[in-house]
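Have a look at the structure below, then the notes.
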2 protein chains.
Amino acid sequence: MNAETQIKKGRKYDQVIAGARAVFMREGFEGASVDEIARDAGVSKATLYSYFPDKQHLFMEVLKQECVAQSEVDVLFQQPGLSVEEKLCVICKNLITFFLSDFGQEVFRVCVAEATRFPELGQSFYESGPKNLAEKIADFLRSDKAQAVLDIDDAYLAADQLAQLCRSDLLLKVLFGVQTNPSEAEIDRIVDEAVKTFLARYRRVARAAGQSG
Amino acid sequence: MNAETQIKKGRKYDQVIAGARAVFMREGFEGASVDEIARDAGVSKATLYSYFPDKQHLFMEVLKQECVAQSEVDVLFQQPGLSVEEKLCVICKNLITFFLSDFGQEVFRVCVAEATRFPELGQSFYESGPKNLAEKIADFLRSDKAQAVLDIDDAYLAADQLAQLCRSDLLLKVLFGVQTNPSEAEIDRIVDEAVKTFLARYRRVARAAGQSG
DNA sequence: CCTATTGTAAACTACTTAGTTTAGTTCCAG
DNA sequence: CTGGAACTAAACTAAGTAGTTTACAATAGG
């Protein structure tokens with residue numbers, strides 16, 4: 001009776017998922033047809049339906065996997081020998097690179113579109129993506145190394161502000177198809193300005209050892 | 001031969017648009033059926049098709065109107081006797097209130113979802129919404145009153161940063177259905193923190209009259 | 001009052017959809 | 001070589017889709 005039991009079986013499973021991912025990302029849930037998925041997957045419809053009870057379960061399975069993949073994205077990479085400021089820049093750049101990637105864009109778009117139809121999907125996307133990322137950044141901000149340079153009260157809030165400053169105009173532009181691949185220079189500028197604003201607020205003031213509200 | 005000529009006619013036009021808006025916002029483009037729109041509009045399908053040549057034109061017309069409505073949202077209201085800092089708070093609060101509204105959320109969601117299928121739609125949503133808002137904020141930041149207190153080089157970038165700091169986690173949470181109506185206190189906190197960070201970067205330093213790079 | 005316009009409901013066309021079934025094929029273990 | 005499992009293409013069902021047409025009703029202007 002557990003939810004998983006209905007899904008999965010033999011050896012063409014991955015192939016089906018791959019085709020489904022491609023079509024769902026391209027067309028959304030309503031726009032995708034099962035015939036197209038089967039064709040794209042190089043698999044017969046009967047096979048597809050031997051793996052998944054229906055279109056919805058297939059859709060959910062695809063996006064569950066995308067969420068897992070997304071949660072494994074690491075914006076922090078353990079790069080030794082970087083100052084906190086440099087590290088902040090690296091974090092920002094990785095974050096931007098991620099949401100500019102085809103993967104990031106497609107998953108984001110589909111999840112926004114179908115969050116109403118599949119409520120648990122929106123939740124799990126949010127948690128494996130933005131929330132997960134913000135928490136990783138917050139952990140870094142709480143580290144001794146960071147705290148030596150930064151004076152932060154609410155690390156999660158600060159992490160979120162940094163992430164938001166990175167996303168900037170770009171996330172919206174990309175989401176609405178206004179600009180699809182910004183130049184490296186443009187990205188560097190945004191990163192630079194984001195970190196500048198972040199440090200203006202959170203850089204520890206030289207003198208006083210205590211924290212100011 | 002001009003694009004407009006195909007659409008519009010008599011007196012039930014608004015009714016059709018209203019029904020179409022309701023259904024499209026609820027279901028998206030593919031998910032919405034013309035029968036449902038006609039039913040929801042309290043109009044026969046034949047009447048609907050006497051106003052619009054097809055589903056796509058109807059969809060575009062609805063969203064064109066939403067974009068116009070969106071572009072008329074004013075985040076600045078001319079409120080006299082407010083300090084620049086207070087004004088920034090008001091701007092932030094209005095911005096948040098807007099994207100938390102049903103209207104803001106629905107339009108945003110549908111536009112993201114259909115930006116691939118209807119490229120010009122994404123563009124015009126972006127321009128009438130986020131871009132338009134940022135430009136209004138930038139105009140304020142460039143005003144003498146604001147410049148007396150703030151030291152800003154690139155007003156549009158600063159405006160965008162302020163807007164992003166406002167959106168914070170909230171926009172994403174709302175978009176993915178994680179949190180639908182945050183408390184007033186929560187909003188106030190975000191506004192407060194956004195303005196704090198913004199001012200930390202852009203508040204004119206007491207002493208020097210010139211601007212620093 | 002009469003007629004043209006604008007509306008209506010409902011049937012209809014031609015097509016697509018999700019999902020099932022059938023009859024036959026490939027593949028591999030024993 | 002055999003038997004069973006997994007797979008296939010293709011036909012099929014039942015329902016829904018966009019868009020058209022038909023035959024009829026309400027409403028207004030002159």
Side-chain angles (χ1 to χ4, degrees), chain A residues 3-64 110 113-114 116-118 120-121, chain B residues 3-64 110 113-114 116-118 120-121:
Chain A
E4 313 300 298
T5 317
Q6 293 284 46
I7 297 177
K8 275 189 190 184
K9 256 198 278 181
R11 68 181 186 281
K12 299 223 166 178
Y13 178 85
D14 292 339
Q15 220 171 312
V16 174
I17 289 281
R21 178 167 50 223
V23 179
F24 280 133
M25 293 300 168
R26 203 189 316 133
E27 312 278 357
F29 178 75
E30 293 279 355
S33 95
V34 177
D35 286 271
E36 196 183 351
I37 291 173
R39 206 183 319 123
D40 213 286
V43 140
S44 79
K45 237 169 78 159
T47 301
L48 187 153
Y49 275 104
S50 81
Y51 286 93
F52 299 94
D54 57 32
K55 191 187 178 186
Q56 297 209 13
H57 280 79
L58 177 54
F59 182 71
M60 292 294 285
E61 192 60 22
V62 165
L63 277 133
K64 210 186 292 173
V110 172
E114 310 298 347
T116 318
R117 217 183 305 269
F118 301 90
E120 48 181 321
L121 170 70
Chain B
E4 314 301 298
T5 318
Q6 292 285 46
I7 297 177
K8 276 190 190 185
K9 256 199 274 179
R11 67 181 186 282
K12 298 224 165 181
Y13 178 85
D14 292 338
Q15 220 171 311
V16 174
I17 288 280
R21 176 168 51 222
V23 179
F24 279 133
M25 293 301 167
R26 203 190 314 135
E27 311 278 358
F29 178 75
E30 293 279 354
S33 94
V34 177
D35 287 87
E36 195 183 351
I37 291 172
R39 206 182 319 121
D40 213 285
V43 139
S44 78
K45 235 169 77 158
T47 301
L48 188 154
Y49 275 104
S50 80
Y51 286 91
F52 299 93
D54 56 33
K55 193 187 178 185
Q56 297 211 14
H57 280 78
L58 176 54
F59 182 72
M60 291 295 285
E61 191 61 21
V62 165
L63 277 134
K64 210 186 293 173
V110 173
E114 310 298 347
T116 319
R117 217 182 304 269
F118 301 91
E120 47 180 320
L121 171 70

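Throughout, a chain's letter reflects where its sequence line sits, starting with A, and its residues are numbered from 1.
- One interatomic measurement links the two molecules: CG of A/D54 to C1' of C/dT20, which rounds to 14 Å at whole-angstrom precision.
- No side-chain N or O of B/Q15 forms a donor-acceptor pair with one of B/Y51 less than 3.5 Å apart.
- For B/V34, counting side-chain heavy atoms from C-beta on, the closest listed nucleotide (D/dC7, D/dA18, C/dT17) is D/dA18.
- Taking both residues in full, the closest heavy atoms of B/D40 and B/A22 are given as OD1-CB, 4.0 Å, listed atom of the first, atom of the second, then distance.
- Rounded to a whole Å, the OH atom of A/Y49 is 18 Å from the P atom of C/dT22.
- For the pair A/R39 CZ and D/dT8 P, the computed distance is 15 Å after rounding to whole Å.
- In terms of phosphate contacts, A/K12 brings a side-chain nitrogen or oxygen within less than 4.0 Å of OP1 or OP2 of D/dT8.
- One side chain, B/T47 or B/S44, offers a donor N or O that lies under 3.5 Å from an acceptor on the other.
- For the pair A/Y13 OH and D/dC7 P, the interatomic distance rounds to 13 Å; values are reported in whole Å.
- For B/T47 and C/dT8, the shortest distance from a side-chain N or O to OP1 or OP2 is below 4.0 Å.
- A straight line from CD of B/E30 to P of C/dT16 spans 13 Å, rounded to a whole angstrom.
- Position along DNA chain D of the nearest nucleotide to A/L48 versus A/K45 favours A/L48 as the more 5'-ward residue.
- Just one of A/V43, A/I17, A/V23 meets the side-chain contact (heavy atoms from CB on, under 4.5 Å) condition when paired with A/I37; it is A/V23.
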Take B/E27 and B/E36 through the side chain to side chain contact (heavy atoms under 4.5 Å, CB included) test and state the conclusion after the steps.
CA-CA 10 Å; B/E27 311 278 358; B/E36 195 183 351; 3.8 Å; yes
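- Remark: P of C/dA18 and CZ of A/F59 are 13 Å apart, rounded to the nearest angstrom.
- Nucleic acid contact for B/S33: sugar-phosphate only, since backbone atoms but no base atoms lie under 4.0 Å from a heavy atom of the residue.
- B/A38 comes within 4.0 angstrom of no nucleic acid atom, judged by non-hydrogen atoms across all strands.
- Between B/K55 atom NZ and D/dT17 atom C1' there is a gap of 8 Å when expressed in whole angstrom units.
- To the nearest angstrom, C1' of D/dA15 lies 13 Å from CG of B/D35.
- A sub-4.0 Å separation between OP1 or OP2 of C/dG7 and a side-chain N or O of B/Y51 is present.
- Looking at heavy-atom distances under 4.0 Å, B/G31 makes no contact with the nucleic acid at all.
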